[in-house]
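The structure under discussion appears below in the form of structure tokens.
All values below were derived from every heavy atom in this structure, side-chain atoms included, with hydrogens, water molecules and symmetry-related copies excluded.
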Amino acid sequence: MTYTFAAMTSVVALGVALPAAAEISFNRIASFATPRNMAEGEDRTRPSSAEIVSASEDGLTLVYTDSPLGAIGLIDITDPAAPQPLGTIAMGGEPTTAVILGQRVFAAVNTSESFTAPSGRLVSVDLASRTEVASCDLGGQPDSVAKAPDGSFLAIAIENERDEEVNDGALPQMPAGFVVKLPIRDGEADCAAMEKIDLTGLAAIVPEDPEPEFVSINEAGEIAVTLQENNEIVVIGADGAISHFSAGAVDLEGIDTKKNGAMSFTARQPDRLREPDGLEWIDADHVATANEGDWKGGSRGWTIFHKGGTVVWDAGASLERAIAAIGHYPEHRSGSKGVEIESVEVATFDGTPLAFVASERASVVAVYDLSDLTAPQLLQLLPSGVSPEGLVAIPSRNLLVTANEADLREDGLAPAHVMIYQRAEGPAAYPMITSEGSDPLIGWGALSGLAAGARPGDLYAVSDSVFGMAPTIYRIDATQRPARIVDSLAVLRSGQPAQKLDLEGIATDGEGGFWLASEGRSDRLVPHALYHVDGKGEIRQEIPLPAELLAGETRFGLEGIARVGDVLWMAVQREWKDDPKGQVKLLAYDTQAESWGAVRYPLDAPAEGAWMGLSEITVHGDWAYLIERDNQIADRAAVKKLTRVALAELKPAPLGGALPLVTKETVRDLIPDLEVLNGYVVDKVEGFAIDAAGEGWVVTDNDGTDDSSGETLFWSVGTME
């Protein structure tokens, strides 16, 4: 009956790389929430964003575009670890990109009345006074802006984007877009010398409607342009000569193509159009493209092209698979464009050329060494805010900055952020847990419960309803850094992945199997129940909650399970209808007597508009340990803590009568632990276990990156006494 997971040493056998003697890494040092830039007295609950970000020439000031506010925002990064707000400047429309040259910010602003009557202008802002000093009529709806390395001119993509509600977004939709070349003289834009560069008649797909998306300029003054929907790349010479080539297609192998609540990296997509969005010159002859896709394609990776059209290197599915290994794969996007590589930045740090590649849907930035353009080396995956859109590297200060556009406060989640990373000696702080090296690839996410195995550092975790079509038990080796998911076990019913489970707790049964707690949600026909599974993952017993308990049911059910001899203890997350306000049940089920009982646990009072609940229970020595938390995130997070109750107090009374109220004590405030990566405080601290050596381990639930940054924090809180 006992199933033996693959030996933990198997990962070591796969060849885990040892850190170099003087390891150099990027790590996040600060996060700046865009509402901080609103003035005192302004309504800071208004939607806000950070889309495209640029830096001043001295690297001390950032400018980002904030479309919802119709403004650009400025940030002082004199101390990059403590960015300071410099306020916003209204643009009189929707800013799309802003760059800084000298003492001027040049911002492209969309002022279009409609898709068929596009308009826009280039606004010049004086950095010192932070006021608009000039404006150029661009003759259409702008998107990307690039500055020439020598500061002599700007290139602006006038997209004149299509209306996706018309004819299912199919092209053509007039008027056609173009590129503007705008000279800079004595630090000012020379509007009278503006040059309009026609791009029609080039692409093979819809040549009459190019819709230029992104521009970049090299040292020779050549402008590279992506025509995303047309899957075409155009190069405009310094002399005005135009060359172009198709971005082509790639065969993707080993990807997940079905949005079905399960991760399976075994499918393929032949001839997938790249449809690049962002691009950047690497050197005088090569460009890198971020192949997001928009119309019929999206190749989930990025490509290096020679400017003559030859593919020098393509990531294929390798980046997406690397992202899946750190738990950031957006399974809900499997049927579309997967991780959606949005943008790319190229810069040289201490003599090493690097590419930074942002995944919009996975909310990570990949760092590649470009020393060999035919074989870029993936160095790191950096955690970012939700939906990174823009990147800027500041090599002179060893900094990288990301602009993360999603503002999710309307749903009670995180605001948009600008995030700052520094390159310095030391190991990478992220990821904290990974399945890198697993073969076949173990996809994971939404870790919602932990349990200890038989050896120090031997842990088990479960995923919750985000992956409801493939409920899984993961085995973790926490003795490695980062911790390694070394094996996975599907939870089965009659040999098939079990359905209608929302696993939120796991405990070993002492016989090679597991007890699992499913939170349940009756309005979705998911039962509140306990499941006993054997060592092969097969459900051998299902124990529903008793009727007298379910009479007071709410959707917030079981969160965690622990075994004390023949008794299973489970935490109920929030008050049910029969609970006094501020008290939740700790349920007990005697597996031999098949009887139920409970005690009550006192919650802290939540802040206004928040709720408080339990997320885990585990037993060690004379104590039951619990995670108590509010449902708040970022700057609103107030309570994320580890508490404990003496086992001697866990004397369950029968259901339906008076239940004893236990006494809790706080063991550890977890908010400082959640701040260690210098991001925003996540809301869902959901797993805690104490291993065979008495070391406590905590994990957060990343919601499978659905309206989440995808960050998973996994850390030790030391020896529990």
Side-chain angles (χ1 to χ4, degrees), residues 96-97 99 108 118 120 122 136 138-150 152-162 171-184 189-191 193-249 273-291 294-295 297 303-312 344 346:
T96 58
T97 306
V99 298
L122 185 81
C136 297
L138 294 173
Q141 172 255 316
D143 193 343
S144 167
V145 179
K147 59 183 180 181
D150 64 3
S152 63
F153 71 93
L154 302 176
I156 306 163
I158 306 299
E159 183 177 9
N160 290 346
E161 64 184 347
R162 72 192 191 278
L171 298 179
Q173 291 186 27
M174 298 292 107
F178 50 93
V179 166
V180 162
K181 187 174 181 179
L182 183 60
I184 302 295
D190 186 350
C191 300
M194 180 189 303
E195 180 183 356
K196 175 181 174 181
I197 302 172
D198 181 17
L199 301 181
T200 60
L202 302 179
I205 295 176
V206 189
E208 65 269 39
D209 190 8
E211 291 203 19
E213 190 85 22
F214 209 93
V215 289
S216 179
I217 308 170
N218 67 11
E219 296 281 353
E222 296 174 304
I223 305 168
V225 189
T226 54
L227 312 184
Q228 185 172 18
E229 292 81 1
N230 278 280
N231 198 40
E232 194 84 5
I233 296 171
V234 176
V235 177
I236 304 168
D239 60 358
I242 293 177
S243 61
H244 62 97
F245 56 90
S246 169
L273 297 181
R274 291 187 173 95
E275 291 187 350
D277 183 354
L279 90 164
E280 186 81 4
W281 285 99
I282 298 173
D283 56 28
D285 296 314
H286 299 90
V287 293
T289 64
N291 305 326
D294 194 346
W295 194 11
T303 307
I304 296 174
F305 289 97
H306 186 275
K307 67 180 181 182
T310 304
V311 173
V312 176
V344 59
V346 176

Phe178 and Val225: side-chain contact (heavy atoms from CB on, under 4.5 Å), yes or no, with the steps? CA-CA 10 Å; Phe178 50 93; Val225 189; over 6 Å; no
Tell me whether Glu275 contacts the main-chain N or O of Trp295 through its side chain, where contact means a donor paired with an acceptor under 3.5 Å. yes
Which atoms form the tightest heavy-atom contact between Thr96 and Pro142, and what is the distance? CG2-O, 3.3 Å
Output yes when a side-chain donor or acceptor of Asn160 lies under 3.5 Å from a complementary backbone atom of Ala176, and no otherwise. yes
Can you tell me how far apart OG1 (Thr200) and CE (Met174) are? Round to the nearest 0.5 Å. 9.0 Å
Any carboxylate oxygen within less than 4.0 angstrom of a Lys/Arg side-chain nitrogen, looking at Asp294 and Arg162? yes
Taking every heavy atom of Val346 against every heavy atom of Trp281, the minimum-distance pair comes out as CB-O, 3.9 Å
Just so I know, are the side chains of Ile233 and Phe305 near enough to count as touching, which here means a heavy-atom distance under 4.5 Å? yes
For Pro183, does its backbone N or O pair with a side-chain atom of Asp190 as donor and acceptor, under 3.5 Å? no
Taking Asn230 for its side chain and Ala203 for its backbone only, find out whether a donor-acceptor pair lies under 3.5 Å. no
Please check if the side chain of Ser144 supplies one atom and the backbone of Val215 the other of a donor-acceptor pair under 3.5 Å. yes
Minimum heavy-atom separation for Asp143 to Thr97, with atom names? O-OG1, 2.9 Å
When you compare the side chain of Lys181 with that of Ile197, does any pair of heavy atoms fall below 4.5 Å? yes
Quick one, Leu122 with Leu154, criterion side-chain contact (heavy atoms from CB on, under 4.5 Å). Give me CA distance, side-chain angles, the key distance, then yes/no. CA-CA 10 Å; Leu122 185 81; Leu154 302 176; 3.7 Å; yes
Do Phe245 and Leu202 have side chains that approach each other closer than 4.5 Å (heavy atoms only, starting at C-beta)? no
Of all heavy-atom pairs linking Val99 and Val145, the shortest is CG1-O, 3.9 Å
For the residue pair Leu227 and Val234, establish whether any side-chain heavy-atom pair is separated by less than 4.5 Å. yes
Euclidean distance, Ile242 CD1 relative to Leu199 CG, rounded to 0.5 Å: 5.5 Å
Could you name each residue pair satisfying side chain to side chain donor-acceptor pair (under 3.5 Å) that touches residues 203-216, not counting sequence neighbours? none
Is a donor on one side and an acceptor on the other found under 3.5 Å between the side chain of Thr226 and the backbone of Phe214? yes
Name all residues meeting the side-chain contact (heavy atoms from CB on, under 4.5 Å) criterion together with Glu219; count only those two or more places apart in sequence or in a different chain, and write none if there are none. Pro149
Close side-chain approach of Asp283 to Asn218, heavy-atom, < 4.5 Å: no
With a 4.5 Å heavy-atom cut-off, do Ile236 and Glu222 have their side chains touching? no
I want to check something: taking the side chain as every heavy atom from C-beta on, are Ile184 and Ser152 in contact at a cut-off of under 4.5 Å? no
Using every non-hydrogen atom in the two residues, find where Asp277 and Gln228 come nearest and quote the distance to one decimal. CB-NE2, 3.6 Å
For the side chain of Asp285 and the backbone of His306, is there at least one donor-acceptor N/O pair under 3.5 Å apart? no
When you check the side-chain N and O atoms of Arg274 and Thr303, is any donor under 3.5 Å from an acceptor? yes
Treating Thr289 as the side-chain partner and Pro276 as the backbone partner, does any N or O pair qualify as donor plus acceptor under 3.5 Å? no
Any side-chain heavy-atom pair from Leu138 and Ile156 closer than 4.5 angstrom? yes
Could you tell me whether the side chain of Glu159 and the main chain of Pro212 form a donor-acceptor pair under 3.5 Å? no
Donor-acceptor contact present, side-chain Asn231 to main-chain Gly248, <3.5 Å: yes
